[in-house]
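Shown next, in structure tokens, is the structure this report addresses.
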Amino acid sequence: MRSWLVKTHRYLALTVGIFFVFLGLTGSILAFYPELDRLLNPNLNIRSSEKIQSLDLVLNNAKSVFPDKFLHSVFLASDSASFHQVWFTPSDKDSSLMWEVMVDPATAEVIGHRQAVPVYEFTRENLVNTIYTLHLLIFVGSLSYIFLGICGVFLLMTLIIGVWLWWPTQKTLLLSLSLKKGASSFRRAFDLHRVFGVYGFAVIFIIGVSGTYLALPEQVQSILGVQDERPRITVSASAGKGESQDLGSLLSHASSLVDERLKMKSVWMPRGSSNFWRFTYIDPTNIGYAGSEVILMLDAQSGTLARSMSYETDSGIQRVLRWQLPLHSGKAFGFWGRTAVFCSGFVPLVLFISGVIIWRRKRAVLRHNLTSNLP
């Protein structure tokens, strides 16, 4: 049994280990992507102001940059980004490409724009979005979500088998959690592999579980027996009849439906077969520092509330699933959570390098023994 697990562990580590390294390193960078983006693009470092321009003016100025594209959504200025982010897609039915326009909330002036996802531009302006694209698509394009989901499963299998193989006796526990002084290069690689694997197990395991869910949410929900909670709403009887409500009126109405302590996060425009506005607020009382989303769907013609979703009304399993993205990014635990994610991203690199050293050394010893036993 142990021999089979050793071979399985080695096979998984060698075949998909390089992808673990790539995802870990890009994930480390993305743990602090807003700060890195502002560092690379000083024009995004704008001062916050109590003066706020109307969202209509903000959107009109943003649309002047991409007049031939569909206005998809706007993410309002927050603690991580002091500017509004207005997003565009090729059309209301095609979200395969996205463009971003950054707007100063105080003046409604456009301070920058760029193609966001997918993009491969290793420039100061778009380096962060390129890293995000690489982390998300990992060079396999439309198959990325399936591939990432499979990688996540393999990662979890590798971690579980690795811990099972490492599990020490009570007498050797302390020895197995430390590095031996004055050891040979092989012994040092062995100790590093063991210690980094043990100390990084909890964070890497959480990231692996959350990453698998984020890559394959529908499949995981189906296995867990959770109904699709995404806001799919058919066009109401009032859709297409009469004049659409203006954004200002809808904003006021949406804000009156939620607690005043909630902060608006984003607005999604009516698109495709849906004739509804989607307003998202952040409830700071749930999901740690990240807060939970409260989503309101308002009919574009009548302005009436069609559907609402929140952490408070979720089932137990749905609440657990809502934690996955904040856990994956580390935002659920604030700065220290993001720091833990940043540090854990280097663990696969250490494990891969030390694992290869151990494998090559054992392979060389085995080859030497076989050669020595030849007649």
Side-chain angles (χ1 to χ4, degrees), residues 34 37-38 41 43-92 95 98-117 231 233 239 242-272 274-284 291-310:
D37 200 18
R38 293 196 298 270
N41 301 283
N43 61 302
L44 300 182
N45 291 305
I46 60 175
R47 296 181 178 179
S48 58
S49 172
E50 294 182 359
K51 180 182 179 183
I52 302 295
Q53 297 292 336
S54 71
L55 205 53
D56 279 316
L57 179 59
V58 168
L59 297 181
N60 285 334
N61 289 347
K63 284 190 287 187
S64 66
V65 179
F66 296 116
D68 58 334
K69 294 178 173 46
F70 173 71
L71 175 58
H72 177 275
S73 57
V74 54
F75 282 69
L76 280 65
S78 62
D79 294 336
S80 60
S82 56
F83 49 87
H84 296 318
Q85 295 171 285
V86 186
W87 296 89
F88 293 84
T89 57
S91 70
D92 62 342
S95 298
M98 299 199 78
W99 291 265
E100 177 187 8
V101 177
M102 294 78 83
V103 182
D104 188 329
T107 64
E109 295 180 358
V110 174
I111 59 175
H113 61 85
R114 57 194 175 186
Q115 181 177 329
V117 181
I233 306 177
E243 296 183 0
S244 297
Q245 297 286 312
D246 65 273
L247 179 56
S249 299
L250 289 170
L251 283 171
S252 298
H253 181 47
S255 297
S256 68
L257 298 175
V258 297
D259 192 290
E260 61 181 9
R261 76 179 188 281
L262 273 59
K263 185 176 181 180
M264 182 175 289
K265 174 185 178 181
S266 63
V267 180
W268 292 35
M269 315 306 163
R271 57 195 179 98
S274 173
N275 201 43
F276 295 85
W277 293 78
R278 171 174 171 169
F279 295 87
T280 303
Y281 293 81
I282 295 296
D283 184 347
S292 62
E293 292 186 347
V294 175
I295 300 175
L296 305 179
M297 307 293 292
L298 300 184
D299 188 288
Q301 270 68 45
S302 65
T304 57
L305 177 65
R307 184 178 179 184
S308 65
M309 292 168 289
S310 70

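One N or O on the side chain of Asn45 and one on the backbone of Arg38 form a donor-acceptor pair closer than 3.5 Å. Without hydrogens or angle criteria, Asp246 side chain to Ser249 main chain gives a donor-acceptor distance under 3.5 Å.
In this structure, the separation between CG on Asp259 and OG on Ser310 is 11.5 Å, given to the nearest 0.5 Å. Distance check: Arg271 CZ to Arg278 CZ gives 8.5 Å after rounding to the nearest 0.5 Å. For the atom pair Ser64 OG and Leu59 CG, the distance stands at 11.0 Å (nearest 0.5 Å). Atom CZ of Phe70 sits about 10.0 Å away from atom CZ of Phe88, to the nearest 0.5 Å. Separation of atoms OG1 (Thr107) and CD1 (Ile46) is listed at 7.5 Å; rounding is to 0.5 Å. The OG atom of Ser308 sits 10.0 Å away from the CD1 atom of Ile295 when rounded to the nearest 0.5 Å.
Considering all non-hydrogen atoms of both residues, Phe83 and Ile111 come closest at CB-CD1, 4.0 Å. Scanning all heavy atoms of the two residues, the minimum distance from Ala62 to Val103 falls at CB-CG2, 4.3 Å. Contact between Leu250 and Gly303 at its shortest, heavy atoms only, is CD2-CA, 3.8 Å.
Below 30°, between 30° and 60°, or above 60°: for Phe66 and His113 the angle between ring planes is above 60°, a perpendicular geometry.
In this structure Leu57 satisfies the side-chain contact (heavy atoms from CB on, under 4.5 Å) test together with Gln53, Ser54, Asn61, Ala108, sequence neighbours excluded. For Thr89, the side chain to side chain donor-acceptor pair (under 3.5 Å) test picks out no residue, with sequence neighbours left out. Residues satisfying the side-chain contact (heavy atoms from CB on, under 4.5 Å) test with Lys265, not counting sequence neighbours, are Phe75, Thr280, Ile282, Glu293. Partners of Asp283 according to the salt bridge (charged side-chain N to carboxylate O under 4.0 Å, His left out) rule, which considers only residues two or more places apart in sequence or in another chain, are Arg261. Scanning for side-chain contact (heavy atoms from CB on, under 4.5 Å) contacts around Asn43 gives Asn41, with sequence neighbours left out. The side-chain contact (heavy atoms from CB on, under 4.5 Å) check on Ala254 picks up Phe279, Tyr281, Leu296, Leu298, with sequence neighbours excluded. Here His253 pairs with nothing under the ring pair (Phe, Tyr, Trp, His ring centres under 6.0 Å) rule; sequence neighbours left out. Arg47 pairs by the side chain to side chain donor-acceptor pair (under 3.5 Å) definition with nothing, not counting sequence neighbours.
Pairs engaging residues 65-82 under the side chain to side chain donor-acceptor pair (under 3.5 Å) rule: Ser78-Ser80 [sequence neighbours left out]. Under the salt bridge (Lys or Arg N to Asp or Glu O under 4.0 Å) criterion, the residue pairs touching residues 99-108 are Glu100-Arg114, with sequence neighbours excluded.
Side-chain contact between Met269 and Trp277: present, with at least one pair of heavy atoms (C-beta onward) separated by less than 4.5 Å.
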